[in-house]
K.L.:
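Here it is: the structure, laid out below.
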Amino acid sequence: MANPLTRPLPPFAAALRDAAVAAGVAALLALPLLGFRLVDSATGLTLDYRFVWIAYAAGVVFAGHLAISLAQMLWGLRIRPQKATRASLFVGHTDRNQKIAGYVIIAIALVLPFFPFADRNLIDRGTLILIYVMLGMGLNITVGLAGLLDLGYVAFYAVGAYSYALLAQNFGLSFWICLPLAGILAAFFGLMVGFPVLRLRGDYLAIVTLGFAQIVRIVLLNWANVTGGPNGIAEIARPSFFGLPMTPTAKSGETFAQFFGIPFSPMHRVYFLYYLILALVLFAVLFSQRIRKLPLGRAWEALREDEFACRSLGLNPTTIKLSAFALGASFAGLAGSFFATRQGFISPESFTFIESAIILAIVVLGGMGSQIGIVLAAIILVGLPEWFRDLAQYRMIAFGAAMVLIMMWRPHGLLASRAPTIRLNHKPPP
Amino acid sequence: MDYFLQQLVNGVTLGAIYGLIAIGYTMVYGIIGMINFAHGDIYMIGAFISLIGFLIMGVVGISYVPLALAIVLLMAMVFTAMYGWAVERAAYRPLRGSTRLAPLISAIGMSIVLENYVQLVQGARVKPLQPIVHGAMTISSSANFHVTISTLQIVIFFLTLVLMACFTYIINYTRLGRAQRATEQDMTMASLLGVNVDRTISITFVIGAALAAVAGLMVTLYYGVIDFFIGFVAGIKAFTAAVLGGIGSLPGAMLGGLLIGLIEAFWSGYFSIAYKDVAVFGILILVLIFRPTGLLGRPEIEKV
């Protein structure tokens with residue numbers, strides 16, 4: 001008869017014990033920050049006590065831990081890392097299904113405004129999601145294809161937004177001229193960041209891009225006579241339908257509604273903006289699909305896999321990296337200028353690190369390199385939280401926790417498989 | 001000259017704080033090769049626990065300052081270390097052996113969780129604390145300018161020096177330090193030779209978090225105001241310090257912290273406060289262009 005103390009516990013008892021331990025840790029963690037509350041009072045800061053919250057925290061952790069253990073026992077649900085295997089990245093067994101899914105998603109996106117339940121709220125939300133899809137497509141070039149970790153992507157988004165706002169306000173240029181200009185300017189900024197960091201790899205690159213994004217933000221905040229500082233830029237020109245303004249009355253010429261002989265409705269602009277960003281996204285999708293087949297795109301992926309092999313084959317890492325940075329940035333520039341014209345108001349508040357984190361999370365959670373994955377991740381990370389606007393603070397906690405949990409559940413992202421760019425048609429030698 | 005001296009004193013104080021946070025980054029990076037993005041927020045939690053600790057001291061009625069300081073220091077280190085441990089256990093350990101980006105994303109997620117957790121339970125407003133350590137010494141004075149070094153600044157220097165000495169001793173001369181260095185060099189080999197790798201990594205997070213808690217305590221005393229967002233900027237600057245000194249190198253982290261503190265102090269003193277962070281990141285970029293491994297980092301030899 002084995003010693004009862006060393007005998008392994010039955011699974012349920014073990015789960016109970018683990019949950020109790022976790023609850024104990026949670027109670028200790030909660031003691032200083034949940035148990036005491038700092039209260040502002042007339043005489044300065046005072047303390048308030050709410051020890052019952054500690055019990056709540058411990059209870060929630062106990063229940064949660066137990067639930068996960070039970071689920072693991074009953075349904076074999078595993079929250080464990082999948083080992084990083086190279087093969088899993090390249091086997092494209094689902095690429096046919098993904099292609100069909102892609103067409104379905106595009107079709108739904110195209111007809112979305114015509115559904116009876118599509119109110120203004122839904123279209124606005126769709127537009128927001130599409131902005132992030134666009135940003136995800138751009139960052140996907142830098143991170144997903146070329147393997148350059150960029151934590152300051154929001155800087156290019158800001159460059160695009162401010163270049164449209166400033167060009168439109170100071171020189172009266174129209175949206176359609178500014179859009180490509182914003183893309184070019186953002187690409188130029190991409191070159192500027194890319195140039196000094198070419199010799200760096202991996203995490204150094206991440207921190208330099210993060211620093212660069214901070215620099216951009218600080219300049220936007222402090223260069224008040226150009227950027228408006230913390231007040232930002234307001235009353236940015238709204239886009240016109242090829243010169244036809246979408247307003248009730250036009251200063252000169254006809255409005256959009258008059259030209260087509262339909263009554264004016266504020267919804268026209270909402271629809272127009274939705275289709276505009278949809279067109280930009282489709283352009284981005286097509287562009288990144290095609291460029292993967294060009295020598296440049298192949299070079300990006302080759303560089304990501306092995307820089308030394310690349311060099312030995314005579315590829316120039318400098319130009320390859322710079323082009324990835326510049327092209328990725330130009331997409332952000334386009335998205336930024338769309339953002340500026342949609343909001344009509346921009347300030348440095350819109351371009352904080354959290355935006356970079358969200359965009360990177362979309363790319364990584366989507367499964368690096370998978371375009372449908374990006375769309376799915378954008379819907380989950382941007383679309384879903386929008387429903388919970390009222391619970392703003394809980395929303396952000398849930399957002400962060402979702403990032404952690406999805407990484408545990410699927411470290412390769414939601415859709416990890418992606419089509420190989422090139423396939424050998426004969427069997428490899430045994 | 002006097003002004004220069006004053007900025008030097010201020011810069012070294014700031015540098016001590018950044019250096020203590022930077023150690024956490026550089027240790028974790030050295031061992032498991034990930035940027036522990038949530039480390040800045042661990043430091044923020046340390047600052048909050050210290051602030052709550054001081055108020056508890058006030059309620060309990062311990063008014064002898066050195067004793068209160070010691071108790072709060074211990075309390076902040078213990079509880080913050082537990083946060084560091086819990087974050088590693090919950091968000092990073094399950095991802096070990098996964099893809100390179102997965103722990104980074106998880107860390108960013110954890111950072112968002114911690115920030116919003118503190119904002120939720122303690123409120124978004126800036127929290128002030130009355131000065132606790134009073135007194136200052138004048139080290140040099142001329143007709144219109146006195147260079148002063150406050151008692152608090154002396155405490156900060158002293159505490160940092162003591163901690164650094166203990167820490168260097170632990171890493172270089174104890175069994176734990178040896179296990180850490182072994183894990184850093186080769187995790188698989190270390191585990192084959194009987195080093196409990198998981199435990200060693202946990203302890204690394206605990207030590208890093210405890211040092212960050214000290215930095216948080218210092219900042220609470222030095223600036224007298226904290227909020228839930230201080231972790232982000234301090235975190236990037238401390239990471240910058242770690243990279244500047246050569247990531248993975250412990251003396252490098254301290255040196256980098258000191259340099260960042262000095263750059264910041266002198267830039268705000270002589271040029272403009274608004275652009276001090278631009279100066280910090282600008283210097284970082286310059287250093288990385290000319291010396292990509294940082295000041296004290298070993299050059300990375302790559303084998304094909």
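Please read all numbers here as calculations on a predicted model, not as lab measurements.
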K.L.:
Any side-chain heavy atom of Phe281(B) within less than 4.5 Å of one from Val208(A)?
P.N.:
no
K.L.:
I'd like to check Met82(B) versus Leu28(A) (side-chain heavy atoms, cut-off strictly below 4.5 Å). Are they in contact?
P.N.:
yes
K.L.:
Between Val278(B) and chain A, which part of the residue has a heavy atom less than 4.5 Å away: side chain, backbone, both or neither?
P.N.:
both
K.L.:
Side chain from CB out, backbone as N, CA, C, O: work out which of these in Leu151(A) comes under 4.5 Å of a heavy atom of chain B, or both, or neither.
P.N.:
side chain
K.L.:
Take atom CZ of Arg50(A) as the centre, draw a 6.0 Å sphere, and report whether it contains more than 12 heavy atoms from other residues, nucleotides or ligands.
P.N.:
yes
K.L.:
Could you tell me the separation between the CG atom of Asp277(B) and the CD1 atom of Ile218(A), rounded to the nearest 0.5 Å?
P.N.:
4.0 Å
K.L.:
Is there side-chain contact between Tyr275(B) and Val219(A), with at least one heavy-atom pair below 4.5 Å?
P.N.:
yes
K.L.:
Are the side chains of Leu104(B) and Leu149(A) in contact, using a 4.5 Å heavy-atom criterion?
P.N.:
yes
K.L.:
Go through the atoms of Ala76(B) and report whether side chain, backbone, both or neither lie under 4.5 Å from a heavy atom of chain A.
P.N.:
neither
K.L.:
To the nearest 0.5 Å, tell me how far Glu115(B) CD sits from Ile397(A) CD1.
P.N.:
11.0 Å
K.L.:
List for me each residue that meets ring pair (Phe, Tyr, Trp, His ring centres under 6.0 Å) alongside Phe189(A), sequence neighbours excluded, and say none if there are none.
P.N.:
none
K.L.:
Side chain, backbone, both or neither: which part of Val143(A) has a non-hydrogen atom closer than 4.5 Å to chain B?
P.N.:
side chain
K.L.:
Given heavy-atom pairs under 4.5 angstrom as the criterion, report whether the side chain, backbone, both or neither of Phe399(A) touches chain B.
P.N.:
side chain
K.L.:
Between Leu29(A) and Ala86(B), what is the shortest heavy-atom contact and its length?
P.N.:
CD1-CB, 3.6 Å
K.L.:
Tell me whether Tyr56(A) at atom OH has more than 12 heavy atoms from other residues, nucleotides or ligands lying less than 6.0 Å away.
P.N.:
no
K.L.:
Just so I understand: if I count every heavy-atom pair under 4.5 Å between each of Met110(B), Lys237(B), Arg125(B), Arg89(B) and chain A, which residue has the most?
P.N.:
Arg125(B)
K.L.:
Given that the side chain runs from C-beta out, which part of Val280(B) has a heavy atom under 4.5 Å from chain A: side chain, backbone, both or neither?
P.N.:
neither
K.L.:
With a 4.5 Å cut-off on heavy-atom pairs, point out which of Val118(B), Leu284(B), Thr240(B), Ile112(B) contacts chain A the most.
P.N.:
Ile112(B)
K.L.:
Does some side-chain heavy atom of Leu33(A) sit less than 4.5 Å from a side-chain heavy atom of Tyr83(B)?
P.N.:
yes
K.L.:
Are the side chain of Gln122(B) and the backbone of Arg37(A) linked by a donor-acceptor contact shorter than 3.5 Å?
P.N.:
no
K.L.:
Among Gly282(B), Ala102(B), Pro103(B), who wins on heavy-atom pairs under 4.5 Å with chain A?
P.N.:
Ala102(B)
K.L.:
For Met407(A) versus Ser106(B), what's the shortest heavy-atom pair and its separation?
P.N.:
CG-N, 4.2 Å
K.L.:
Which is it for Phe36(A) and Val121(B) under the side-chain contact (heavy atoms from CB on, under 4.5 Å) test, yes or no, and what are the steps along the way?
P.N.:
CA-CA 9 Å; Phe36(A) 297 94; Val121(B) 299; over 6 Å; no
K.L.:
Would you mind reporting whether Val233(B) and Phe353(A) have side-chain heavy atoms less than 4.5 Å apart?
P.N.:
no
K.L.:
Quick check: do Phe232(B) and Gln214(A) have side-chain heavy atoms less than 4.5 Å from each other?
P.N.:
yes
K.L.:
Need one label for Ile247(B): side chain, backbone, both or neither, based on atoms under 4.5 Å from any heavy atom in chain A.
P.N.:
both
K.L.:
Measure the CG-CD1 distance between Leu365(A) and Ile105(B) for me, rounded to the nearest 0.5 Å.
P.N.:
6.5 Å
K.L.:
Pick from Leu286(B), Thr80(B), Val113(B), Leu129(B): which one has the most heavy-atom pairs with chain A under 4.5 Å?
P.N.:
Val113(B)
K.L.:
Compile the donor-acceptor pairs under 3.5 Å between side chains in residues 32-57 of chain B and protein atoms, sequence neighbours left out, one pair per line.
P.N.:
unit_1, atom_1, unit_2, atom_2, d
Asn36(B), OD1, Ala38(B), N, 3.4
Asn36(B), OD1, Tyr92(B), OH, 2.7
His39(B), NE2, Ile21(B), O, 3.2
Asp41(B), OD2, Ser111(B), OG, 2.7
Ser50(B), OG, Gly46(B), O, 2.6

